[in-house]
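Some notes on the structure that comes next.
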Amino acid sequence: MSRYSAAEIEAKWQDAWDQAEIFRATRSEDKPKYYVLEMFPYPSGRIHMGHVRNYTMGDVIARYKISTGHNVLHPMGWDAFGMPAENAAMAIGGHPKDWTYGNIDDMRAQMKPLGLSIDWSREFATCDPEYYGQQQALFLDMLTEGLVYRKNAVVNWDPVDMTVLANEQVEQGRGWRSGALVERRELTQWFFKISDMAEELLEALDGLENWPAKVRLMQENWIGKSRGLQFAFGLIDGPDGHDRIEVYTTRPDTLMGASFIGISPDHPLAKQLERENPDLAAFSAECRKGGTTEEAIETAEKLGFDTGLRVRHPFDTAWELPVYVANFILMEYGTGAIFGCPAHDQRDLDFARKYGLDVIDTFVALEGGTPVEDEAFVPQKSEKVRWLKAFGWDDEATGSEAIDAAIAFCESNGVGQGVTKFRLRDWGLSRQRYWGCPIPVVHCDACGVVPEKKENLPIRLPDDVTFDQPGNPLDRHPTWRDCTCPTCGKPARRETDTMDTFVDSSWYFARFTAPRADTPTDMAEANYWMNVDQYIGGIEHAILHLLYSRFFARAMHQTGHLPAKAIEPFDALFTQGMVTHEIYLTRDENNRPVYHLPEDVTDGRLADGSPVEIIPSAKMSKSKKNVVDPVNIIGAYGADTARWFVLSDSPPERDVEWTASGAEATFKHLARVYRIVSEIIADTSEAAQPEADEDLLREMHKAIHDVTVGIESFGFNASIARLYAFTNTLSKSTAGAGAKRQAATALAQLMSPMTPHLAEELWQLLGGTGLIANAPWPQADEAMLVDDTITLPIQINGKRRTEISVPKDMPKSEVEKIALGTDAVVKALDGAQPKKIIVVPGRIVNVVI
RNA sequence: GCGGGCGUGAUGGAAUGGUAGACAUAUCGGACUUAAAAUCCGAAGGGCUUACGCCCGUGUGGGUUCGAGUCCCACCGCCCGCACCA
């Protein structure tokens, strides 16, 4: 009997699949279609275990759907534009293009041995001119539809390198290369009008039933619909053109507790005052230091500058409030101005204490509670409070009712109006970088900003660029910028900004339906294949990528590139967890950590015997060296072992920890399955007892049922646990050769989505017809799933005391009688009557004493 | 700071509000072997008890329920995202 040789088996069956072209997707109306997609990778050059886990999950679904009679589309491509290619060019020389395509070749070669059921004929990279040219066409169509526009927006500016920095390139407020303090600077940039669709993107979340609730909730909060009051404070002796300050608040019920007005340093009034007031100019300059992230702004120390200006309270014109410029107010949200109510908002209270401002309690003092000191009084949303007492009302209302009532009250008194606002901002797509999709517009002195003609697409990136200095090489290219105006034909300048790489990934799923079409999509193909039936990727994409894709699908429908049914492009979404590994480190003479690769550590020691510190279960990262290269694992154990392991142990949505012992154990298990099945094939015995056949087949049907449920519900770990149990049952079974072969065949089929190579081999050994990949999925016989006798636990006061064995459909009253007759219950009752007996049929009996 | 999530044996984890710890790893014992490996069989949450059993136990504290790992409230810890990382 031969032994399990993964290398041999895997090469053999991958060839067989290639020969038969069984994963090539072709439009066909005689089968239901199924589109399964994993978030495509960035071509860093090496695949990692996270990729293996992601693609294996998609592969299990794809293979399962093939065997349940679906026409499956399972494509793969590369999210190939982005900063790392430029960083590599700067660090080690070479060209981003060569680096990227070289990485793609490497990664494809590392990925193919996994035996994924991918239609490689549809592969593309977003940096292919054939792809980004179509993206430019989409951009032009969106421009025509009014979905794109230009406006000013702030970027991170490195004053030493004189260049724009990505958030990732800002470390503790400083540029990562120059070390200079970063400033916020305004640039004119292109924007997608995603905010116009805020309401629709929000409403449509309800229909995404097969998305994780947490992702829908995160998107809902991100879109951030709020109902509030917009009104004005009259400005006393304001500078020219400013007689009022418009304010938006979601807490109009606290208006009588207002004690100051805060405006953003970028507010027009602040900018005007800045010109005449050097102290304020200095303060605002200070506010503009640091990065642009919301995190940086929100966690920075709250600073304010008293402008000396005063406003009048709308309900009491004798009541004057000071106007501060404050660093925590964002010009992008609301009107860029707020009123502060220290008694009922912690941030405002901290600010008021710091600058010695009034704290006007509109609730606690009125109700006779403890006055506000260091903690603002913010009631629970559901708490009924007399918020409006300050307005002279006596009605009780909960938080949102109180706010609606306050808005109505203000409106009826001529103070502002209720408005709905969204937190969602328009999507800035301009990037001052080379390795991205060129924005297809030109700047003409006579005609202004002019779209490029479609027949000139793709606007290709020039190859002759250098990365020896900071900034965008397109800006300093000698000739690339020179062009003629598409409108007047005079000399003009090409736009040198490229698109955010999120644009590339916002429509690739649609392109996969017709990757070689000479329009962005082919409507016949898109109509057949869309939507993505199952999308799989990391939770880190819960908001941006998934929201942008939802926006793009709508925009593509509006511009005639997708059918109406595809405006929500992902029918079902699954967010998988990461692959983690322990971190091993020692300390150098300065007590700084020195990291060690897992393969250099055995039983907590290095080769020289010195012990290592172990940090448990962290995300695999090159800098911490806690990485396991899938290529090595496949070389040592085979792809089936890698695939099985990343699916076992942890539920797919949670992190899974890679361990060497786990991989070893997985390999042993697969070898065991191979051995057990080989023995079954050699065996010709009859069953010792006929019941043994019956028992085994019963277990087989239960396994078919449970494994199928597991796959359909993304419970791959549960399916695998069930397969372990079924393998143990099979190995111990005393059934005859026929029943065992039947069970072994089912086992191979149930394993086939996870370990397709081994399954093909077993299928062949067992005499199966054709490829197991094409064989129909086994069906569980319902009648075989239920045992005639069940075990019911008996609880006394909710604690398990004993159990009884009863026929599965015994009536409640009978069960009750038997339960009351058990020794444990008789003893516990001690002659008394039970207070209550709860019988949950088929589940449990609880006797309350 | 804001938004979202997670927390169960030595370890990864299982458990439609219904027997907590399935399945696996590591460990220990046994069989086979000259021996080891491989393989096969078995034990195993903690405590008390000769035993029958009993008590405790799902981050902490409270609550709802006949019954809570699961639902609610508060807290602690860790993770993800925060609009120019992909």
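Not measured: the values here are computed from a predicted model. Within every chain, numbering begins at 1; the chains are lettered A, B, ... in the order of the sequence lines, protein sequences first and strands thereafter.
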Does a nitrogen or oxygen in the side chain of [X] sit under 4.0 Å from OP1 or OP2 of [N]?
{"X": "A/K836", "N": "B/C66", "answer": "yes"}
{"X": "A/N221", "N": "B/G4", "answer": "yes"}
{"X": "A/R425", "N": "B/A83", "answer": "no"}
{"X": "A/K799", "N": "B/C56", "answer": "yes"}
{"X": "A/N846", "N": "B/U19", "answer": "no"}
{"X": "A/K668", "N": "B/A38", "answer": "yes"}
{"X": "A/T293", "N": "B/C82", "answer": "no"}
{"X": "A/N167", "N": "B/C82", "answer": "no"}

Whole-Å [atom1] distance, [N] and [M]:
{"N": "B/A38", "M": "B/U16", "atom1": "C1'", "result": "42 Å"}
{"N": "B/C78", "M": "B/A83", "atom1": "C1'", "result": "25 Å"}
{"N": "B/U11", "M": "B/G47", "atom1": "P", "result": "15 Å"}
{"N": "B/U60", "M": "B/A24", "atom1": "P", "result": "29 Å"}
{"N": "B/C80", "M": "B/A26", "atom1": "P", "result": "29 Å"}
{"N": "B/G1", "M": "B/G18", "atom1": "C1'", "result": "42 Å"}
{"N": "B/G17", "M": "B/C56", "atom1": "C1'", "result": "22 Å"}
{"N": "B/U25", "M": "B/G13", "atom1": "C1'", "result": "11 Å"}

Atom pair distance, as rounded to whole Å: [atom1] in [X] and [atom2] in [N]:
{"X": "A/E168", "N": "B/A83", "atom1": "CD", "atom2": "P", "result": "12 Å"}
{"X": "A/W78", "N": "B/A86", "atom1": "CH2", "atom2": "C1'", "result": "14 Å"}
{"X": "A/N797", "N": "B/U19", "atom1": "CG", "atom2": "C1'", "result": "16 Å"}
{"X": "A/R431", "N": "B/C84", "atom1": "CZ", "atom2": "C1'", "result": "4 Å"}
{"X": "A/F716", "N": "B/C23", "atom1": "CZ", "atom2": "P", "result": "22 Å"}
{"X": "A/I539", "N": "B/A86", "atom1": "CD1", "atom2": "P", "result": "20 Å"}
{"X": "A/E664", "N": "B/G12", "atom1": "CD", "atom2": "P", "result": "20 Å"}
{"X": "A/M83", "N": "B/C84", "atom1": "CE", "atom2": "C1'", "result": "7 Å"}

Syn if the chi torsion is within 90° of 0, anti otherwise; quick check, which is B/G9?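 Syn.
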Short question: side chain of A/T126, backbone of A/A80 - any donor-acceptor pair under 3.5 Å?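 Yes, the answer is positive, given that a donor and an acceptor are paired below the 3.5 Å cut-off.
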Could you tell me whether a side-chain N or O of A/N327 sits under 3.5 Å from a main-chain N or O of A/L303, the two making a donor and an acceptor? yes
[X] side-chain proximity, nearest of [options]:
{"X": "A/L424", "options": "B/U19, B/A83, B/C66", "value": "B/A83"}
{"X": "A/L217", "options": "B/G5, B/G13, B/A86", "value": "B/G5"}
{"X": "A/A166", "options": "B/C41, B/G13, B/C84", "value": "B/C84"}
{"X": "A/T501", "options": "B/A86, B/G18, B/A83", "value": "B/A86"}
{"X": "A/E295", "options": "B/C82, B/C84, B/U19", "value": "B/C82"}
{"X": "A/S661", "options": "B/U16, B/A83, B/A26", "value": "B/A26"}

Plane angle bin for A/F192 and A/F552 - parallel if under 30°, tilted between 30 and 60°, otherwise perpendicular: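 Taking A/F192 first and then A/F552, their aromatic rings stand perpendicular (interplane angle over 60°).
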Base, sugar-phosphate or nothing for [X]? Non-hydrogen atoms, less than 4.0 Å.
{"X": "A/L792", "result": "nothing"}
{"X": "A/V155", "result": "base"}
{"X": "A/F502", "result": "base"}
{"X": "A/Q219", "result": "nothing"}
{"X": "A/G224", "result": "nothing"}
{"X": "A/G82", "result": "sugar-phosphate"}
{"X": "A/H541", "result": "base"}
{"X": "A/P651", "result": "sugar-phosphate"}
{"X": "A/S430", "result": "base"}
{"X": "A/R672", "result": "sugar-phosphate"}
{"X": "A/A542", "result": "nothing"}

Report yes if a donor N or O on one partner sits less than 3.5 Å from an acceptor N or O on the other, where the partners are the side chain of [X] and the base of [N]; otherwise report no.
{"X": "A/Q432", "N": "B/C84", "value": "yes"}
{"X": "A/E540", "N": "B/C79", "value": "no"}
{"X": "A/D649", "N": "B/G12", "value": "yes"}
{"X": "A/R654", "N": "B/C6", "value": "no"}

May I ask you to decide whether [X] forms a salt bridge with [Y], counting only side-chain N to carboxylate O separations under 4.0 Å?
{"X": "A/E301", "Y": "A/K354", "result": "yes"}
{"X": "A/R423", "Y": "A/E294", "result": "yes"}
{"X": "A/E699", "Y": "A/R722", "result": "yes"}
{"X": "A/D426", "Y": "A/K193", "result": "no"}
{"X": "A/R174", "Y": "A/D158", "result": "no"}

Pairing partner of B/C85 (Watson-Crick or G-U wobble, both distances under 3.5 Å):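 Answer to the pairing question: none, since B/C85 forms no Watson-Crick or G-U pair.
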Does B/C75 have a Watson-Crick or wobble partner in any strand here, with both distances under 3.5 angstrom, and which is it?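 Across all strands, the one nucleotide that pairs with B/C75 is B/G59.
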Classify the side-chain pair A/Q189/A/D497 by whether it contains a donor and acceptor separated by less than 3.5 Å. no
Distance-only polar pair, side chains of A/N152 and A/T188, donor-acceptor under 3.5 Å: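 On atom types as modelled, these side chains qualify, holding a pair under 3.5 Å.
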I need the A/E664 CD to A/H669 NE2 distance, nearest 0.5 Å.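 Answer for the CD-NE2 pair, A/E664 versus A/H669, is 14.5 Å.
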What does the list of N/O pairs under 3.5 Å between the protein and nucleotides 48-54 of chain B look like, with a distance for each?
none

Specify the closest pair of heavy atoms between A/T498 and A/R433, including all atoms of both residues, with the distance to one decimal.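 Shortest heavy-atom contact: OG1-O, 2.7 Å.
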Comparing nearest nucleotides in RNA chain B, the 5'-proximal residue of the pair A/K214, A/A721 is A/K214
Pick the closest RNA chain B nucleotide for A/R722 and for A/V164 by heavy atoms, then say which residue is nearer the 5' end. A/R722
